[in-house]
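Supplied in C-alpha cells, the structure appears directly below.
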Amino acid sequence: MSSEFVAPPQTLAPVQAAFRRQNEWRRAWRRFLRFKPAVAGLVLIAFIALLAIFAPLVSPYDPYAIDTTTRGAAPSLAHPFGIDEVGRDMLSRAIYGSRVAMLVGLSATGISLIIGVLIGATAGYFGGFVDALLSRIVDALIAFPLLVLLIAMAAALGPSLRNVIIIIGVTVWGQYARVVRAEVLSLREREFVTAARTVGATDGRIIVRHIIPNVLGPIIVLASLSVAGIILLEAALSFLGLGVQPPTPSWGSMLSAGRTYILTYPHIALFPGLAIVVTVLGFNLLGDGLRDALDPRGNR
Amino acid sequence: MTRYVILRVLQGIVVIWIVTLMVFMILHLTPGDPVDLIVGEANMTTEQREQIRHFWGLDKPIYVQYFTWLNNVLHGNFGESVSFGGRPVTDLLRAAAPNTLKLNGLALFFSLVVALPVGVFAAVKRYTLFDGTATVFSTLGISIPNFWLGLVLIILFSLKLGWLPPFGSNGWKAYILPVFVLATEQMALIARLTRATTLEVMNQEYVATARAKGLTERVVMMRHIVRNALLPIITVIGFRVGVLLSGTIVIETVFAWPGIGRLLFQAISRRDYLVVQSIVTIGAAVVILATLLTDIIYAYVDPRIRYR
C-alpha cells in the first residue's frame, strides 16, 4: 500500500489504476451498506454460515442420537423444535442441516459459474458458428423444466450429496452463459480489447484477463440469487427422496418426513421449512442489494 | 415478420432436437444393465435376459436405439410403460395431463390478475407504504419453498380448522390450496418483474415528452407507461411455463394430485425410465413451444424486435 513512498514508479498510471479500482469497490461497498435489506441479508447468511461451521459446538444434542421413548414429542423447553419421528432432536438436526444447504448452494453455484462464464465468453467472443451452436445448447438446457431434468438425472445417477451438487452444477449454468455472452458481444468491440490484440495477446488471455473481469458485476449478482435458487432445488430434491439420503440431516428430507407424519406429528413439517426460508431470504436480499450497489447508474 | 417467424421456428426445431439428444444421453449414461431395471429382482437365465434385451431392442447399437425412439416419438408413440401394467405411455399422459393443466392454468391466471396491477402500482408509488409492503411480500414469496407452504397450509386449514381437504382432487375445495401455493410463487416473481420494467419505462424520454406536451397523467400512465412496461412480461410468461411445470411436481406430490408431476414421481420410484424419458421430453418441448409462441407474439406487438 505504501510502496509509492518507498520507490516512486516511472509512471503513475498503475498506481492510479489501483486506486481507482479500490475506490470503485469501496464506493460499491458504501452503496451496499446504504441498502438496509441487503445488510440484513448478509447478517442472515453470516448467522447460518456460523451455525454450519460451528454445528458441533452449538447443537444441544447429537443429531444422530435416537431416543425411542420420546418419538415425535412436540416442542418443549429441552427440545425447542421437538423430536422427530424416530426420536432425534430436531433443533440439532436443523443446525446440521445448514451444512448440507450451504455446501450444496455454494459448490453447485461455483461449478455452474465456471462452466457458464467460460461457455458464454467463448460464444460471445468467437461469434459465428461457435456462437450459434453454443447458444442453441444453452437454449435447450434452459428449455427443460429444471426440476424435471434434475429428477431424471438424480434417478439416473443415483441420489447422494455428491451427485446432487454435480447435477445441479451442470444444469443451471445457462443463465451465466447468456448474460456473459451478451456482455462479451459488446465488450469485444471496445478499444482495450483491440489494444490487447495489437500487442499480441492470445484469445484465451484476452478472455480471461480482459473480458471476464469486466463482466464480474452482473455475475456476482446472479450468483447470489442463484445460491438461493439452488438451496430451494436441493430442498425439493431431498423432499422427493432424490437428494441427500437419510440419516444425514438435510432440511428437505426432514420436510419429507414431515409430510409423511403430518397427521400424527405436524411439528416436524414446520421448523426445517423456517430454516430454508431464513437462508434463501438472506441470499435473495443480498443479491438484490448487490444489484443496486454494483449498478453505478444507481436506480436507488 | 415472416422471415423472423421462420427463423425462430427453425431454431426451435434445432433446440428440440438437442433436447431429445440430451434426454437420451442422460438416461443411457445410467450405470448398470437396463435389463435389471425391467425385470427387477426376478431371477433369470442368461438366455431369458438375451430375449428381453432383443425384445426391447437393447442389443442394437446406441444410435439405432436413439433413432428408433425418435422416430416413434415423432409418430406420437412413446412406447409401453414397464411398471404401469404395460399401458401405453401416451394413455398415462392423457389421463394425467388435464389435471396438471387445470392446476397450472388457474395458478397462472390468478397470479397475473394480482401481480400485474400490484407491480405497476408499486413502481408508480415507489417508496410508499404500498411499495414497501409489496416488496416485502414478493421477496418472501420467492424465498419460501412452495412445498413447505403447502404443508403449513394443510396443517392450518385441513388439520386445525378442517375447512379444506388435505389431499386429492375431488370438488372445487380441493383446488384452493394447491392453486394458491402455485400462484404465490408466480405472483411474487411476476410482481417483482413488473415493478422493475415499469420503473425502467418511467425513466424513458418518451414519457417525459408525453408529459411535456401536456397529456394528462392518466393518459401518460395508461398509453405510455403501462403498455410498454407489460410488454417484456409476455416473454417471461413463456419461460414461466417451465417453472410452473417444475413447481407442479412437488406440489402434486404434496397434495396427492393425480397429474403429470405425480406420474413422473411414481415412474421414478418404480424405475420406469421410458415414462420419465417421455415426460422430460414433452416438458421441454412444451416450454420451447411456449417460448416460441410468446416470442412471436412479442415481435408482433413490438415492431422493434423484428428488425433486430
Side-chain angles (χ1 to χ4, degrees), chain A residues 37 41 132 135-158 167 225 228-229 231-233 235-237 239-242 251-252 255-256 258-259 262-263 266-270 272-274 276-285 288 299-300, chain B residues 11-12 14-19 21-23 26-31 135 139-140 142-152 154-155 159-160 166 199-200 203 239 241-250 253-254 261 264-265 268-269 271 273 276-277 279-280 283-288 291:
Chain A
S135 293
R136 291 299 82 72
I137 292 178
V138 170
D139 285 352
L141 194 66
I142 289 183
F144 283 105
L146 191 51
L147 195 59
V148 178
L149 180 63
L150 290 176
I151 287 175
M153 289 176 80
L157 287 175
I167 62 173
L225 295 173
I231 291 177
L232 285 177
L233 284 173
L237 275 179
F239 178 72
L240 294 172
L242 292 164
W251 296 333
L255 283 179
S256 176
R259 184 194 179 270
I262 196 164
L263 298 173
H267 69 270
I268 298 179
L270 286 180
L274 278 181
I276 299 176
V277 175
V278 168
T279 315
V280 173
L281 189 63
F283 281 103
N284 277 332
L285 289 174
D288 285 352
N299 249 338
R300 286 197 173 253
Chain B
Q11 272 184 2
V14 173
V15 172
I16 292 187
W17 176 67
I18 298 177
V19 161
L21 266 180
M22 282 182 178
V23 173
I26 292 167
L27 289 173
H28 285 260
L29 287 176
T30 314
T135 305
T139 311
L140 261 180
I142 61 164
S143 305
I144 294 177
N146 55 7
F147 55 96
W148 180 66
L149 184 62
L151 292 175
V152 172
I154 289 178
I155 293 176
L159 304 183
K160 300 278 180 232
L199 280 177
E200 207 169 310
N203 286 328
F239 177 69
V241 170
V243 183
L244 262 174
L245 276 178
S246 287
T248 317
I249 301 170
V250 205
T253 309
V254 170
L264 175 71
F265 186 59
I268 281 170
S269 10
R271 316 199 123 234
Y273 288 115
V276 179
Q277 195 167 319
I279 294 180
V280 179
V286 166
V287 177
I288 292 168
T291 317

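Naming: A, B, ... by sequence-line order, numbering from 1 per chain.
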message = Taking side chain as everything from C-beta outward and backbone as N, CA, C, O, which of these in A228(A) sits under 4.5 Å from a heavy atom of chain B? Side chain, backbone, both or neither.
response =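 Neither part.
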task = Calculate, to the nearest 0.5 Å, the distance between atoms CD1 and CG belonging to I262(A) and L159(B) respectively.
result =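 Reported to 0.5 Å precision, the distance equals 5.5 Å.
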task = Return the option, out of I154(B), N146(B), V23(B), V280(B), with the maximum number of heavy-atom pairs under 4.5 Å with chain A.
result = V280(B)
note = The residue among V277(A), L281(A), V280(A) that forms side chain to side chain contact (heavy atoms under 4.5 Å, CB included) with I144(B) is V277(A)
request  = Please flag which part of L264(B) lies under 4.5 Å from any non-hydrogen atom of chain A: side chain, backbone, both or neither.
outcome  = side chain
ask   = What distance do R136(A) atom CZ and I16(B) atom CD1 have between them, rounded to the nearest 0.5 Å?
value =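 The distance works out to 13.0 Å.
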task = Give a yes or no answer on whether the side chain of R259(A) reaches the backbone of V254(B) with a donor-acceptor pair at less than 3.5 Å.
result = yes
message = If you count heavy-atom pairs within less than 4.5 Å of chain B, which of A132(A), G241(A), A235(A), G258(A) leads?
response = A235(A)
request  = Report the distance from atom CD1 of I137(A) to atom CG of L21(B), rounding to the nearest 0.5 Å.
outcome  = 9.5 Å
ask   = Quick one: what part of L242(A) sits under 4.5 Å from any heavy atom of chain B, side chain, backbone, both or neither?
value = side chain
key: Partners passing side-chain hydrogen bond (donor to acceptor under 3.5 Å, both in side chains) against S143(B) (at least two apart in sequence or in another chain)   = N284(A)
query = Do the non-hydrogen side-chain atoms of T291(B) and D139(A) ever get within less than 4.5 Å of each other?
reply = no
Solution key, residues 140-154 of chain A side-chain donor-acceptor pairs under 3.5 Å, sequence neighbours excluded:
none

ask   = Quick one: of I288(B), V250(B), I279(B), T253(B), who has the most non-hydrogen atom pairs under 4.5 Å with chain A?
value = T253(B)
message = Can you tell me which portion of V19(B) sits under 4.5 Å from chain A's heavy atoms? Options are side chain, backbone, both or neither.
response =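 Backbone plus side chain of V19(B), per the 4.5 Å heavy-atom cut-off to chain A.
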ask   = Is there a donor-acceptor pair closer than 3.5 Å between any side-chain N or O of W148(B) and the backbone N or O of L270(A)?
value =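 A pair under 3.5 Å: yes.
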query = Contact part of L149(B) toward chain A, heavy-atom cut-off under 4.5 Å: side chain, backbone, both or neither?
reply = neither
